[in-house]
Amino acid sequence: MGFSIKFNWVLQIDFEIELVPGSSYNFSKDGNRVFPLQTPIDLIDSSRSAIAKIRIMSFKNLLNKTTGEFQVIKIYSGNEKEVLTNYWIENEK
């Protein structure tokens, strides 16, 4: 018997709305996870495209689910977005 938990240095979720720097948003992920608090990490979507630099403000583990809140630091665009997307796609392999 054991307990499975993942340590994440990136938040991978799909977002339907336009993110705004400085704003906070809630998230939910299946499984139990640990994120660094108050430390800049990347937000990527399901295709591993880099979306934004964020800061996890809080998270809570429930039965096979992690919920939390993050704050957007900046939205990626242009060359920065392309380089970071390539990085996350390469790290998937």
Notebook entry, point to check: Between Glu80 and Lys53, is there a side-chain N and carboxylate O pair less than 4.0 Å apart?
Noted result: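 Not counted as a salt bridge, because no side-chain N and carboxylate O are separated by less than 4.0 Å.
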
Closest approach of [X] to [Y] (non-hydrogen atoms, all atoms of both residues):
{"X": "Gly31", "Y": "Thr66", "answer": "O-OG1, 2.8 Å"}
{"X": "Ala52", "Y": "Val72", "answer": "CB-CG1, 4.3 Å"}
{"X": "Phe59", "Y": "Arg33", "answer": "CE1-O, 3.5 Å"}
{"X": "Ile89", "Y": "Arg48", "answer": "CG1-CB, 4.0 Å"}

Starting from [Y], can I reach [X] by hopping between I/L/V/M/F/W/Y residues whose side chains sit under 4.5 Å apart?
{"X": "Ile41", "Y": "Leu84", "result": "no"}
{"X": "Ile73", "Y": "Phe15", "result": "no"}
{"X": "Trp9", "Y": "Ile51", "result": "yes"}

Notebook entry, point to check: What is the distance from atom OG of Ser24 to atom CG of Leu19, rounded to the nearest 0.5 Å?
Noted result: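 Answer rounded to 0.5 Å: 11.0 Å.
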
Check: Considering the options Ile54, Ile13, Val20, which one meets the side chain to side chain contact (heavy atoms under 4.5 Å, CB included) requirement together with Tyr25?
Finding: Val20

Notebook entry, point to check: With under 30° as parallel and over 60° as perpendicular, where do the rings of Phe70 and Phe27 fit, or are they tilted in between?
Noted result: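 Ring orientation of Phe70 relative to Phe27: tilted.
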
Check: Should we say atom CD of Gln38 is surrounded by more than 12 heavy atoms from elsewhere, each under 6.0 Å from it?
Finding: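 Yes.
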
Next item on the list: Count the heavy atoms belonging to other residues, nucleotides or ligands that lie under 6.0 Å from CG of Asp30, then report whether that count exceeds 12.
Entry: no

